[in-house]
Amino acid sequence: MRRATAIAATVLVSALTACGPGEDNAVDGPSKSAYGTGTPSGASAAHGAPGRLPSFPSADKGDPGSAESAMRELLGLAADTAKGIPDDDRRPVITVVDHNPCSLYPVAGACLPTTVDQPVPIEMDPVRTWDTYTEQEARGQDGNASWQDEVLAAYINYLMYRQSQRTDPTLLTSSDDADVAKVKRLQHCKQGNVVGPLKPIMRPALWHYFSPLESDPDFTAGTQGKC
């Protein structure tokens, strides 16, 4: 069996960690529409976060269409507020699918490129996400925190892939164990880029997924836009 690349192995662990339905899972990392066709906010003019994150309506008032709208809105908010990222990274191409996003993730994911110039789409499955949300809510769990975590993780991995393409493309194909640590540091820094600005409006159930990194120096650097 062919050995996974360092970057693929890192995000695979993240995806498997994020799959659990409960709230005791700590995530280490981590649509059809094209949010990317809109006008992006400039890095120097990123909007301040609003008073709350996008969430799904109650199960008796919503549907997969409302789920897709909320998922797009969260991706747009993450792109708008991320700290210190290039303008081009604020407008990812988002595609809706009816299967596991990127053949790996349960809700949303950024598809791993293998070359410097290969596009990095973000895929999401709103129908499955909605079904999972309603199941979790029926069990008394916080269904919003689960999908919000995975959507943010998709954008975090998108930023990691994009930076790798620009500054260290060998990470896209390397299977060297030494590169795993390098990928993890970059991933933690990109988590800081995205999560740092949104932390003040995260509910505890969502912050729970990212809180293990709060004292990580790479995460802290990311909150300051220093990846």
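Side chains included, hydrogens not; waters and symmetry mates left out as well; all remaining heavy atoms used.
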Who passes side-chain contact (heavy atoms from CB on, under 4.5 Å) against Glu135, sequence neighbours left out? Arg139
Would you mind listing every disulfide (SG to SG under 2.5 Å) that reaches into residues 127-221, with sequence neighbours excluded? Cys189-Cys227
Side-chain heavy atoms of Leu74 within contact of Leu152, under 4.5 Å: yes
Side-chain heavy atoms nearer than 4.5 Å, only ILVMFWY residues, links allowed to pass through others: does that put Trp207 and Leu198 together? yes
Residues pairing under disulfide (SG to SG under 2.5 Å) where one sits in residues 193-224, two or more places apart or in two chains, turn out to be none
Using side-chain hydrogen bond (donor to acceptor under 3.5 Å, both in side chains) as the criterion, list what pairs up with Thr167, not counting sequence neighbours. none
For this output row, return yes or no: ring centroids of Tyr155 and Tyr158 closer than 6.0 angstrom. yes
What one should report as the nearest heavy-atom pair of Leu171 and Val183 is CD2-CG2, 4.0 Å
Here the disulfide (SG to SG under 2.5 Å) pairs for residues 128-166, sequence neighbours left out, are none
Do Arg72 and Met124 touch side chain to side chain, with heavy atoms closer than 4.5 Å? yes
Check whether Val127 and Ile122 end up in the same hydrophobic cluster, where Ile, Leu, Val, Met, Phe, Trp and Tyr are linked by side-chain heavy atoms less than 4.5 Å apart. no
Can you pull out every disulfide (SG to SG under 2.5 Å) where at least one residue sits in residues 87-170? Sequence neighbours excluded, please. Cys102-Cys111
Salt bridge (charged side-chain N to carboxylate O under 4.0 Å, His left out) pairs touching residues 185-197, sequence neighbours excluded, are Arg185-Asp218
side-chain hydrogen bond (donor to acceptor under 3.5 Å, both in side chains) involving Asp88 - partner list, sequence neighbours excluded: Arg91
Donor-acceptor contact below 3.5 Å, side chain Gln136 vs main chain Gln141: no
Side-chain heavy atoms nearer than 4.5 Å, only ILVMFWY residues, links allowed to pass through others: does that put Leu75 and Ile201 together? yes
Output all residues satisfying side-chain contact (heavy atoms from CB on, under 4.5 Å) with Gln224, sequence neighbours left out; order by chain, then residue number. Thr220, Lys226
Which pairs with one or both residues in residues 111-121 pass salt bridge (charged side-chain N to carboxylate O under 4.0 Å, His left out), sequence neighbours excluded? none
Minimum-distance pair of heavy atoms, taken over all atoms of Ala145 and Tyr209: O-CE1, 3.7 Å
I'd like to check the ring-ring contact (aromatic ring centres under 6.0 Å, His included) partners of Trp130; sequence neighbours left out, ordered by chain and number. Phe56, Tyr133
Could you report the tightest heavy-atom contact between Pro197 and Gly192, atom names first, then the distance? CD-O, 3.8 Å
Taking salt bridge (charged side-chain N to carboxylate O under 4.0 Å, His left out) as the cut-off, I'd like each qualifying pair that reaches into residues 157-170, sequence neighbours left out, listed once. Asp89-Arg162, Asp89-Arg166, Asp168-Lys182
